[in-house]
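Heavy-atom basis, side chains included; hydrogens, waters and symmetry copies ignored.
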Amino acid sequence: MKGGRETNYFLVLQTDFGLKDEAVSAMHGVAHMVVPHIVVSDLTHEIPPYDIWYTSYRLYQTIKYWPKGTSFVSVVDPGVGSEILLKIAGIKWKQVSFIVKFIIVFAIINIIAVFIFQPTYGETLYHSRTVLINAGYFTLTAQELFYLFNVSLKYICSIPLVLLFLLTTNPSQFAASLNKIGVSYKVSYAVSLALRYIPNIQEIYWSISAAQQARGNELSKKASLGKRIHGTLNIVTPLIFSSLDRIDTISTAMQLRRFGSKKKRTWYVAESFSLADYLVTSSAFILVLVVILLFKVNSGRFYNPFV
């Protein structure tokens, strides 16, 4: 309260949801549940599908007319979930299944670890505390739950894009491009080797898995959890050693070719920048500027619905 009056909090929504269903109304409802006296306004909910540039332009046009401290929420699907991009690129589930499952397990462990070791981080981040489940040290708050949700969302959004990049990018061309924009050719070549090897890890994994099962190690769902964990360890160990052997082989080959003895090198697949390259580079630069702008608008890298 200030001067006997409630302080107004402003929230501006922009989405590609349309107004045919309950999605926009649900967003209004959630905002009022968190902050009963919040003023919610709609910039537009008719953003064209996947058009993040139009979205950024509309946001840029509107921000200057709102008071300082106003929060903006812009929800626009860049491609109906980046998973659709994998389908468009012709990438099959078998090609990425192992990596996806591994990252999902890692993400779950990461989220659990975050809560165990720092269950009050959400409170520190959002400067408020709304208790959902009171359990002493492991008390669950709305702020911590919202933070963990954002961490999960990060994996959901980024993993498909990373896989798309790894499976559709020519490592040599990418390395040549990095060198062309000023990155050391040694660093560029290291990136190229990493990109070449990452997709092969899954193939090596399945080869070792087949060999282990041929020796009688049951890894299917029929086996108990303990046996499956033990069988997986029997795969991971030779996978690590085979990776080290490959690194040693590549290192020896590079030394025999006197790699790094000169300051510069040429690239067999090097190409001149085309119009599309300049457009993509410019778009990436604009996107970074939009992110910086949103940092300033929301006073940080996290949107805070609890203010």
Side-chain angles (χ1 to χ4, degrees), residues 78 81-86 91-126 128-167 191 194-195 197-213 217-244 246-247 300-306:
S82 46
E83 294 82 359
I84 294 298
L85 296 176
L86 296 177
I91 298 172
K92 298 180 180 179
W93 170 246
K94 187 177 180 181
Q95 293 177 266
V96 298
S97 59
F98 169 71
I99 297 175
V100 170
K101 291 175 183 177
F102 176 82
I103 297 177
I104 288 174
V105 172
F106 172 81
I108 293 172
I109 294 173
N110 181 51
I111 291 170
I112 294 173
V114 168
F115 180 69
I116 291 176
F117 292 105
Q118 212 168 12
T120 60
Y121 184 70
E123 301 170 34
T124 304
L125 190 64
Y126 299 115
S128 57
R129 189 171 192 263
T130 306
V131 176
L132 299 178
I133 301 175
N134 196 340
Y137 176 79
F138 294 109
T139 294
L140 180 64
T141 63
Q143 289 75 16
E144 183 70 12
L145 192 62
F146 186 71
Y147 169 69
L148 294 177
F149 168 74
N150 278 281
V151 172
S152 304
L153 197 62
K154 177 181 69 176
Y155 288 110
I156 294 171
C157 295
S158 61
I159 290 172
L161 292 176
V162 171
L163 292 175
L164 182 69
F165 173 78
L166 290 175
L167 296 173
V191 172
L195 291 178
Y197 183 61
I198 291 174
N200 291 337
I201 292 178
Q202 182 171 247
E203 295 179 14
I204 298 172
Y205 174 86
W206 289 120
S207 298
I208 298 173
S209 175
Q212 292 289 346
Q213 291 183 67
N217 292 325
E218 183 61 63
L219 299 174
S220 67
K221 296 180 180 179
K222 297 178 181 179
S224 64
L225 179 61
K227 288 184 177 180
R228 289 165 64 184
I229 293 175
H230 182 266
T232 301
L233 291 176
N234 288 336
I235 296 175
V236 172
T237 302
L239 180 63
I240 293 173
F241 282 109
S242 67
S243 299
L244 293 175
R246 176 165 295 196
I247 292 171
R301 63 192 183 97
F302 289 99
Y303 164 63
N304 188 354
F306 303 100

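By the side chain to side chain contact (heavy atoms under 4.5 Å, CB included) test, I133 pairs with L140, sequence neighbours left out. L153 meets the side chain to side chain contact (heavy atoms under 4.5 Å, CB included) test with F149, C157; sequence neighbours excluded. Take E144 and apply the side chain to side chain donor-acceptor pair (under 3.5 Å) test, not counting sequence neighbours, and it matches no residue. Remark: F115 pairs with no residue by the ring pair (Phe, Tyr, Trp, His ring centres under 6.0 Å) rule, at least two apart or across chains. Take S152 and apply the side chain to side chain donor-acceptor pair (under 3.5 Å) test, not counting sequence neighbours, and it matches no residue. When the side chain to side chain donor-acceptor pair (under 3.5 Å) test is applied to T139, the partners found at least two apart in sequence or on another chain are N134.
The closest side-chain heavy-atom distance from L145 to L132 is below 4.5 Å.
Other residues, nucleotides and ligands contribute at most 12 non-hydrogen atoms within 6.0 Å of the CZ atom of F241.
Rounding to the nearest 0.5 Å gives a distance of 12.0 Å between OG1 of T141 and CZ of F146. Rounding to the nearest 0.5 angstrom, the gap separating the OH atom in Y147 from the OH atom in Y126 is 8.0 Å.
Pairing each heavy atom of N110 with each of Y155, the nearest pair is ND2-OH, 3.0 Å.
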